[in-house]
Amino acid sequence: IIRLYNTGDSATQVDVEINRDIAGAIGNVEEVDLMERPLKGSKIQIGGASFAASVPAFGIASFKIRIRKTQRQIEKSICKTGGDYEDERS
């Protein structure tokens, strides 16, 4: 969950980028309320390791992000554990 706060008096378009080497690629992003329930009608644009969304004036926007591990991260995980890797996407 990522929460963004806008201190300005007008809605602001934001671009959020995740470090792909650390976290992987973005699989899915959905806007949620403060109780982390999905919001309907949210317009989020996803592109690789980033997403764009709007934060309302003097408001808080919360986003639930699902990360997809890259093949390299999966291989590193297998090497570290010395065993099988359970894919979190299933």
Side-chain angles (χ1 to χ4, degrees):
I1 299 290
I2 291 179
R3 297 192 201 283
L4 304 174
Y5 179 67
N6 181 1
T7 60
D9 61 357
S10 62
T12 302
Q13 184 71 19
V14 296
D15 294 313
V16 178
E17 186 171 348
I18 306 296
N19 185 323
R20 188 177 284 208
D21 292 334
I22 295 171
I26 293 176
N28 185 39
V29 177
E30 64 181 329
E31 189 168 6
V32 296
D33 63 15
L34 291 175
M35 297 296 292
E36 300 178 12
R37 297 174 296 214
L39 294 176
K40 295 181 180 178
S42 177
K43 296 178 183 168
I44 300 172
Q45 298 171 338
I46 303 171
S50 65
F51 69 93
S54 182
V55 180
F58 302 111
I60 298 171
S62 302
F63 303 94
K64 185 177 193 176
I65 303 172
R66 289 208 179 266
I67 302 296
R68 285 184 294 130
K69 291 192 178 284
T70 63
Q71 185 62 36
R72 182 171 176 227
Q73 289 170 319
I74 292 169
E75 290 167 0
K76 284 173 96 176
S77 180
I78 292 170
C79 290
K80 285 182 182 176
T81 62
D84 294 329
Y85 174 81
E86 185 175 321
D87 192 341
E88 296 170 357
R89 292 175 281 183
S90 51

If you take all heavy atoms of [X] and [Y], which pair is closest and at what distance?
X: Ser54; Y: Ala61; value: O-CB, 4.2 Å
X: Ile65; Y: Phe51; value: CD1-CE2, 3.6 Å
X: Ser50; Y: Ile26; value: N-CD1, 3.6 Å

Side-chain contact test, heavy atoms from C-beta onward, threshold under 4.5 Å: evaluate it for Val16 versus Leu4 and give yes or no.
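They are in side-chain contact.
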Between CD of Glu36 and OG of Ser62, what distance do you get to the nearest 0.5 Å?
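Interatomic distance, Glu36 CD to Ser62 OG, rounded to 0.5 Å: 7.5 Å.
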Find the distance between CD1 (Ile2) and CD1 (Ile18) and round it off to the nearest 0.5 Å.
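CD1 of Ile18 is found 4.5 Å from CD1 of Ile2.
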Taking atom CZ of Arg3 as the centre, report whether more than 12 heavy atoms of other residues, nucleotides or ligands fall under 6.0 Å from it.
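Count over threshold, so yes.
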Is [X] linked to [Y] within one hydrophobic cluster, defined over Ile, Leu, Val, Met, Phe, Trp and Tyr using a side-chain heavy-atom separation of less than 4.5 Å?
X: Tyr5; Y: Val14; value: no
X: Val32; Y: Phe63; value: no
X: Leu39; Y: Ile60; value: no

Hey, is the main chain of Pro56 close enough, under 3.5 Å, to the side chain of Asn6 for a donor-acceptor pair?
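Answer holds: yes.
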